[in-house]
Engineer: 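Below is the structure I would like to discuss, written out as structure tokens.
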Amino acid sequence: MQEIFSGMPWWVKWVAVPIIALVVFGGLIATVVGFVIGLLFKLLVFVALVGGLIFIVRKFMSGSSSRSDW
């Protein structure tokens, strides 16, 4: 591989090849990035819902125990 690029200008190695790679694999990269972002969003929603549920249950349990003290 080194022999192939040794005679090429610098812009072929550092500009043309990455652009070609992005064109060829751009859809795959976008799919992977979209999947990861979607997974992180779902994880954030899950954590928020579980946290809200725990907050509501603790609030309800503390409220019901104070009523039983009467």
Engineer: What pairs with Pro9 under side chain to side chain contact (heavy atoms under 4.5 Å, CB included), at least two apart in sequence or on another chain?
Structural biologist: Trp11, Val12
Engineer: Quick check for you: to the nearest 0.5 Å, what is the distance between Leu43 atom CG and Leu39 atom CG?
Structural biologist: 6.5 Å
Engineer: Tell me whether Met8 is reachable from Ile19 by hopping between hydrophobic residues (I, L, V, M, F, W, Y) whose side-chain heavy atoms are closer than 4.5 Å.
Structural biologist: yes
Engineer: Which residues pass the side chain to side chain contact (heavy atoms under 4.5 Å, CB included) test with Ile4, not counting sequence neighbours?
Structural biologist: Met1
Engineer: Is there a path of hydrophobic side-chain contacts, each under 4.5 Å between heavy atoms of I/L/V/M/F/W/Y residues, joining Phe46 to Leu53?
Structural biologist: no
Engineer: Answer yes if Ile54 and Val57 sit in the same cluster of Ile, Leu, Val, Met, Phe, Trp and Tyr residues linked by side chain heavy atoms under 4.5 Å apart, and no otherwise.
Structural biologist: no
Engineer: Can you sort out the partners of Trp10 under side chain to side chain contact (heavy atoms under 4.5 Å, CB included), two or more places apart, ordered by chain and number?
Structural biologist: Trp14, Val15
Engineer: Got a sec, which residues hit side chain to side chain contact (heavy atoms under 4.5 Å, CB included) with Val24, two or more places apart in sequence or on another chain?
Structural biologist: Ile20
Engineer: Suppose clustering is done on Ile, Leu, Val, Met, Phe, Trp and Tyr with side-chain heavy atoms closer than 4.5 Å. Which residues sit in the same group as Val45?
Structural biologist: Phe41, Leu49
